[in-house]
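Notes follow the structure.
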Protein chains: 2
Amino acid sequence: MARPREFDEQAVLDAASEVFWANGYEATSTRDLSARTGLTPSSICAAFGDKRRMFRRALDHYLGRLREKMTALKETRSPGEAITGFFEDTIERSLGDALQRGCMLVNSALEASPQDPEFRGAIAAELELIENFFRERIAEGQRRGDISPAHSPEDAARQLLAVLLGVRVLARVRPESPLLRGAVSQTLALLGLPPLAVTAGT
Amino acid sequence: MARPREFDEQAVLDAASEVFWANGYEATSTRDLSARTGLTPSSICAAFGDKRRMFRRALDHYLGRLREKMTALKETRSPGEAITGFFEDTIERSLGDALQRGCMLVNSALEASPQDPEFRGAIAAELELIENFFRERIAEGQRRGDISPAHSPEDAARQLLAVLLGVRVLARVRPESPLLRGAVSQTLALLGLPPLAVTAGT
DNA sequence: GACAATATGGAGCAAATGCTACATATCAGC
DNA sequence: GCTGATATGTAGCATTTGCTCCATATTGTC
């Protein structure tokens, strides 16, 4: 028995995560958020709380899509293709983004992490999810015989995670195709996986 | 024919880079800088200009030490030991830093980069220096026969750079020894280099 | 010692920031 | 239609921010 919301929460979270993604937490003002979401400051406060909680919601919204991507790859591709596809997708998005936003997870990991235990925990947990995705795909591929059993799934997954994060850092400063693809190709070859398909430019 | 400065410029840059390193550019206020350097705002303004230029000076100061480290490794170690030593040093510092500051270069790459072409250029150039360090060491090691010639120095260097940056990201959120060492060990093994020495904990 | 030149410190300005009253508008239930 | 309850919008508060006067202090040169 009350007035219903006029805005679409998903659309607002989309807009909010884009602002935070592009500018970071500190460099985003509540007025930026207000302008980009179309909500007034008081509506934001009433619906999402303060800036900190709004960031948390926006980050969770972003991470939800990342998890969907991993789930889709896991369910529709072979273990090796899931890993290769994850990197292909990452590189293509990195090269195709004119704003060079990189990855909101990585950006947040470096900016909003040590000061804030809650953020740090959420980000660490998400990094573990990615690590687990890699490890399980590697182990499964090794069982199938698609992936070389020369390396332990644990360490190989750690290496993939590090390379992925490194690519995301490079994408924000030097979005150059040979650099990103070169960094990844060696790692995939290590596992006996086929090389990346050559698609986008720069 | 004027009053000399009372502060040591290097000491001030040390203090300034520590604040920026730990908190980032946006989250560091000029009053933080003033408190940690011991200089008044007016002295900072007179000696270093505005906050932006102060950050640039602090970053250059930090990067200078990074370059010194690379030069020392290049001049005193074999190519393979230089690469291994670089990673060992990075991991040890990452695990030993209670503030989990990670690497100021990487932090700056993600926070202060796309908005500011000058910062972005400086950071990109520094990343190329590291890449070149790896590539030259790999090529030299291959000439000597210490490093496996199975991979091109170009792509191997790109991979090492990505792993290094990834480790720096992980260090800020999940400073766990098995994780960081596992990520690196695979990459070094790829080149036929000896594994990391096990030293620090966590 | 007088003077020019630079460094320093206190005080504070103009703007931006995060956030919030408070009045108004819009709904469900009776 | 009235009432309670929630959403929205305007305006603005209190604080912080980056930065700068301006008076004072300290030097080298003559």
Side-chain angles (χ1 to χ4, degrees), chain A residues 1-61 107-108 111-113 115-116 118-119, chain B residues 1-61 107-108 111-113 115-116 118-119:
Chain A
M1 44 175 167
R3 177 176 173 179
R5 285 190 178 156
E6 295 178 0
F7 62 88
D8 174 21
E9 190 169 291
Q10 293 302 306
V12 167
L13 287 175
D14 269 337
S17 61
E18 291 225 343
V19 188
F20 279 126
W21 187 3
N23 302 333
Y25 177 77
E26 291 289 344
T28 299
S29 72
T30 55
R31 281 160 182 81
D32 292 336
L33 285 173
S34 182
R36 292 286 293 271
T37 60
L39 298 184
T40 59
S42 61
S43 290
I44 293 178
C45 182
F48 299 95
D50 59 10
K51 179 183 169 185
R52 211 186 91 94
R53 289 188 209 186
M54 182 61 154
F55 178 80
R56 185 63 206 279
R57 293 290 303 272
L59 180 60
D60 281 342
H61 183 70
N107 300 354
S108 306
E111 188 195 353
S113 174
Q115 297 89 342
D116 194 312
E118 180 193 336
F119 287 164
Chain B
M1 46 174 163
R3 176 175 173 179
R5 286 189 176 154
E6 294 180 0
F7 62 86
D8 174 20
E9 191 168 291
Q10 294 301 308
V12 167
L13 286 175
D14 269 337
S17 61
E18 292 225 342
V19 188
F20 280 126
W21 186 3
N23 302 334
Y25 177 77
E26 291 289 344
T28 299
S29 72
T30 55
R31 281 162 181 78
D32 291 335
L33 285 173
S34 183
R36 292 287 292 269
T37 61
L39 298 183
T40 59
S42 62
S43 290
I44 292 178
C45 183
F48 299 95
D50 58 9
K51 180 184 168 183
R52 211 186 90 93
R53 289 188 209 182
M54 182 60 155
F55 178 80
R56 184 63 205 277
R57 292 291 302 275
L59 179 61
D60 282 341
H61 182 71
N107 300 355
S108 307
E111 188 194 353
S113 170
Q115 296 92 340
D116 195 310
E118 181 192 336
F119 287 165

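In what follows, chains carry the letters A, B, and so on, assigned in the order in which the sequence lines appear, proteins first and then strands, with residues in each chain numbered from 1. Fair warning: this is a prediction, and the values are worked out from it, not measured in the lab.
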Task: Close side-chain approach of A:Ile44 and A:Leu33, heavy atoms under 4.5 Å - done: yes
Open item on the list: Return the CD to CZ distance between A:Glu111 and A:Phe20, rounded to the nearest 0.5 Å.
Closed with: 9.5 Å
TODO: Would you kindly give the CD-to-C1' distance between B:Glu9 and C:dA7, to the nearest whole Å?
DONE: 14 Å
Open item on the list: Check for me whether A:Lys51 meets the cation-pi criterion with A:Tyr25, that is, NZ or CZ under 6.0 Å from the six-membered ring centre and within 45 degrees of the ring axis.
Closed with: yes
TODO: Using whole Å, report how far CZ of B:Arg52 lies from P of D:dC19.
DONE: 11 Å
TODO: Look at the side chain of A:Asp50 and the backbone N and O of A:Arg53, then say whether any donor-acceptor pair between them is shorter than 3.5 Å.
DONE: yes
Open item on the list: For the backbone of B:Leu13 and the side chain of B:Ser17, can you confirm whether one donor and one acceptor N or O come within less than 3.5 Å of each other?
Closed with: yes
Open item on the list: Let's see if you get this right: which residues in residues 38-50 of chain B place a heavy atom under 4.0 Å from DNA chain C?
Closed with: B:Thr40, B:Ser42, B:Ser43
TODO: Indicate yes or no: does A:Arg57 engage A:Glu9 in a salt bridge with an N to O separation below 4.0 Å.
DONE: yes
Task: Within residues 15-33 of chain A: residues closer than 4.0 Å to DNA chain C (heavy atoms) - done: A:Thr28, A:Ser29, A:Thr30, A:Arg31
Task: Interatomic distance where CZ belongs to A:Phe7 and C1' belongs to D:dG9 [whole Å] - done: 14 Å
Open item on the list: Please determine whether the number of non-hydrogen atoms from other residues, nucleotides or ligands lying under 6.0 Å from atom CZ of B:Arg52 exceeds 12.
Closed with: yes
- [ ] Round to the nearest Å and state the distance from A:Met54 atom CE to C:dC19 atom P.
- [x] 12 Å
Task: Between C1' of C:dG18 and CZ of A:Phe55, the distance in whole Å - done: 16 Å
Task: Residue pair B:Thr28 / B:Phe55, side-chain heavy-atom distance below 4.5 Å - done: no
